[in-house]
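Let me begin by presenting the structure, written as structure tokens, before commenting on it.
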Amino acid sequence: MSDNEKKSGFKFLEKLKKIKHIEVYIAIIFIVVLLLIYLGNFNKSSGTSTNNSSEMTVTAYIDDLENRLQEILSNIGGVSDVKVLITLDMDTATVNDSNIVLDKFPAIKGVLITAKGVGDTATKLKVLHAVEAVIDITNGNIEILSSE
């Protein structure tokens with residue numbers, strides 16, 4: 001180190017020594033730096049866990065909807081052996097190197113239900129209203145067929 005650098009370093013240390021309660025200022029700066037580091041890591045980790053928990057393939061999404069709807073419809077009196085098929089409006093999807101890219105899950109285009117016990121009009125209407133309540137589509141896009 002040159003003499004000028006040593007003198008400027010000593011001047012800086014002398015100025016620091018003259019500051020009252022410098023330990024408090026250093027402690028506050030240290031705490032602020034730690035908080036910034038902690039919050040930066042917290043945002044990264046929470047963002048990652050949110051993405052992982054919300055990531056779902058289109059197939060898993062459809063399977064989940066179909067299974068949940070089958071379970072609910074099986075609980076309607078007189079209805080049994082329920083099978084559900086849900087189709088999605090894939091017009092909003094883009095195909096990129098054999099991968100389907102979606103900004104959000106596509107809207108449900110139609111629902112096909114086969115079940116025993118839906119030959120009766122009242123029971124068929126119960127199933128229709130249940131599907132309309134669970135899935136926001138018009139009854140023209142819901143087909144209910146008897147499997148008897």
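Position 1 is the first residue of the sequence; numbering continues from there.
- V32 has its side chain out of reach of I29: every pair of non-hydrogen atoms, C-beta onward, lies at least 4.5 Å apart.
- In summary, of the residues considered (V82, D64, V134), a side-chain contact (heavy atoms from CB on, under 4.5 Å) with L69 occurs for V134 alone.
- When side chains are defined from C-beta on, T123 counts as touching V79, because their heavy atoms get closer than 4.5 Å.
- Environment of CG in D136: sparse, with no more than 12 heavy atoms of neighbouring residues, nucleotides or ligands closer than 6.0 Å.
- In plain terms, the two heavy atoms of E66 and L85 that are nearest each other are OE2-CA, 3.5 Å.
- Distance check: E143 CD to L128 CG gives 10.0 Å after rounding to the nearest 0.5 Å.
- The heavy-atom pair separating K83 from Q70 by the smallest distance is CA-NE2, 3.5 Å.
- Here the CD1 atom belonging to I142 is positioned 10.0 Å from the NE2 atom belonging to H129, to the nearest 0.5 angstrom.
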Trace of the side-chain contact (heavy atoms from CB on, under 4.5 Å) decision for V111 with V84: CA-CA 7 Å; V111 178; V84 176; 4.1 Å; yes

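- Contact detail for L73 and A130: the closest heavy-atom pair is CD2-CB, 3.9 Å.
- Cluster membership for I137 and L125, using ILVMFWY side-chain heavy atoms within less than 4.5 angstrom, is shared.
- When all heavy atoms of V118 and L145 are compared, the pair lying nearest together is CG2-O, 3.5 Å.
- Under the side chain to side chain contact (heavy atoms under 4.5 Å, CB included) criterion, S80 pairs with K116, not counting sequence neighbours.
- Cluster membership for I62 and I72, using ILVMFWY side-chain heavy atoms within less than 4.5 angstrom, is not shared.
- Considering N141, L65, T87, D89 in turn, L65 is the only one that fulfils the side-chain contact (heavy atoms from CB on, under 4.5 Å) rule with I108.
- The CD1 atom of I86 sits 9.5 Å away from atom CG of D63, with the distance rounded to the nearest 0.5 Å.
- Using a cutoff of 4.0 Å between basic side-chain nitrogens and carboxylate oxygens, D120 and K124 are not scored as salt-bridged.
- Interatomic distance, CD1 of I113 versus OG of S147, reported as 11.5 Å (0.5 Å rounding).
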